[in-house]
Protein chains: 2
Amino acid sequence: MRHVALSTVRRLSLYLQFLEESERAGTTTVSSRALAERGGATPAQVRKDFSFFGSFGMRGVGYPARELAARLRDILGLGHRYRVVLIGAGRIGAALAAYPGFVERGFDLAAVYDVDPAKIGKRLGEGHVVVRDLAQLEADLAAEAAQIAVIGTPAQAAQGIAERLVAAGVHAILNFAPVALTVPPGVTVTNVNMALELEALSFALKHRRA
Amino acid sequence: MRHVALSTVRRLSLYLQFLEESERAGTTTVSSRALAERGGATPAQVRKDFSFFGSFGMRGVGYPARELAARLRDILGLGHRYRVVLIGAGRIGAALAAYPGFVERGFDLAAVYDVDPAKIGKRLGEGHVVVRDLAQLEADLAAEAAQIAVIGTPAQAAQGIAERLVAAGVHAILNFAPVALTVPPGVTVTNVNMALELEALSFALKHRRA
DNA sequence: GAGTGTGAAATTGTTCACAGCG
DNA sequence: CGCTGTGAACAATTTCACACTC
């Protein structure tokens, strides 16, 4: 398997979401055309995306929905559950903890941390996870590792938190703070930045033609 | 101004977030190197990004923080406030309505819609916006236009909602539903898909080397 | 015939390297 | 002298076109 672009991985995830719906609807075979429509791609791009990992279609027919979905789940590493820790028991954290798709797709919120004494010891949102003192982070991760961490703290705290997480053995970070985190090779950071998305829309509106 | 890549626009937004912090800290001049560090780019890329819009630096010195920020706000179309409508008074909607950065950056939540009679007439989250019947959407938009719509509905409803919004004159959609929406040219859609982000991290963990 | 699989071409985006200016 | 501005070189990604197989 040679190097695969991030954009390809993101499309695979969309194809999988579509396949799971198709399966529920009873569809057994899908074409690259149908997948493209849903994934915002072209048929050729769909086939190219799959070709990085092998060939699982039937010429003249299409792809077997069930097998393709299983193959994509395997490629995306969704074969098991992940332990996720959340840093920052604010709005983002509460929304995430309440998000059902999170646990549905194999991501279990193992612990939540904050520095605010008013929050520590309380439950997060309507969930059942109790907020812990951030000081416990290292000890907790040493006792029971987490594969993924979510940073939902203010921007100025984010880099420091990231460093502590990396030192404690976390290799994947979902970052909601509006900073580009600096991490060593082998650690992956994915950013979600709502202000940025809105500003991209604002730009599009301002420079719209047609 | 020739065509500008979306990736450039997104970086401009990050640079702006950094500049606003620098201004608060009293910094008057910033270099492409400092901006690059924060924006996850290289100094050359920062300069290139700006070059699409003109040249506002001082050779040998750097960029005047205050003026550059003003210029970026102008480029991004942040000179005025936007009226935003939200479709779907669920978790995503509540989180968004409560997000302070939203209103801080010029985006005013004008109305929220849902089809659930149990939600209509109630306030959204702890906010002061009352949930309206989705049937009112067209009449409301005709009376008072909105520039941006946020779709926070289940996937199967999203495409239909998008079509109604476009027909009602909305040109920018922030889509939280896990579907690639089909819209006519001139309409911009930005997708936020949490499951996809998590799956991209899962992929990175599975195929990690080093 | 219909739709996949894939090198090769075209396009898009990033990095380089250096001229130009304060 | 330092740092910006930018065409040119390079790299990555997407699209094309067609051979291939069911």
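Throughout, a chain's letter reflects where its sequence line sits, starting with A, and its residues are numbered from 1.
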- Note on the structure: Applied to residues 7-47 of chain B, the ring-ring contact (aromatic ring centres under 6.0 Å, His included) test, sequence neighbours excluded, yields B:Tyr15-B:Phe50
- Task: Provide the full list of ring-ring contact (aromatic ring centres under 6.0 Å, His included) pairs with a residue in residues 175-206 of chain A, sequence neighbours left out, each pair given once.
- Result: A:Phe203-A:His207
Pairs of donor and acceptor atoms involving the side chains of residues 152-160 of chain A, under 3.5 Å and at least two apart or interchain, shall be tabulated with distances.
from	atom 1	to	atom 2	distance (Å)
A:Gln159	OE1	A:Thr182	N	2.9
A:Gln159	NE2	A:Glu163	OE2	2.8
A:Gln159	NE2	A:Thr182	O	3.0

Tell me which residues in [range] lie within less than 4.0 Å of DNA chain C, going by non-hydrogen atoms.
range: residues 3-26 of chain B; answer: B:Ala5, B:Ser7, B:Arg11
range: residues 46-61 of chain A; answer: A:Arg47, A:Lys48, A:Ser51, A:Ser55, A:Phe56, A:Gly57, A:Met58, A:Arg59, A:Gly60, A:Val61
range: residues 63-75 of chain A; answer: A:Tyr63

- Contacts of A:Asn193 meeting side-chain contact (heavy atoms from CB on, under 4.5 Å) (sequence neighbours excluded), chain-then-number -> A:Pro178, A:Ala195, A:Leu196, B:Leu14, B:Gln17
- Look at atom CD of B:Glu67 and say whether more than 12 heavy atoms of other residues, nucleotides or ligands are closer to it than 6.0 Å. no
- Task: Quick one: list whatever passes salt bridge (charged side-chain N to carboxylate O under 4.0 Å, His left out) with A:Arg66, sequence neighbours left out.
- Result: A:Glu23
Side-chain polar contacts of residues 83-93 of chain A - donor-acceptor pairs under 3.5 angstrom, sequence neighbours left out - could you list them?
from	atom 1	to	atom 2	distance (Å)
A:Arg83	NE	A:Ala145	O	2.8
A:Arg83	NH1	A:Glu144	OE2	3.4
A:Arg91	NE	B:Ala98	O	3.0

- Query: With distance as the sole test, does A:Ser202 use its side chain to make a donor-acceptor pair with the main-chain N or O of B:Leu76 at under 3.5 Å?
  - Reply: yes
- Query: For DNA chain D, which nucleotides open and close the run of contacts to chain B, 5' to 3', at under 4.0 angstrom from a non-hydrogen atom?
  - Reply: D:dG2 to D:dA8
- Message: Going 5' to 3' along DNA chain C, between which two nucleotides do contacts with chain B fall, using a heavy-atom cut-off of 4.0 Å?
- Response: C:dG13 to C:dG22
- With sequence neighbours excluded, what pairs up with B:Arg59 under the side-chain hydrogen bond (donor to acceptor under 3.5 Å, both in side chains) test? none
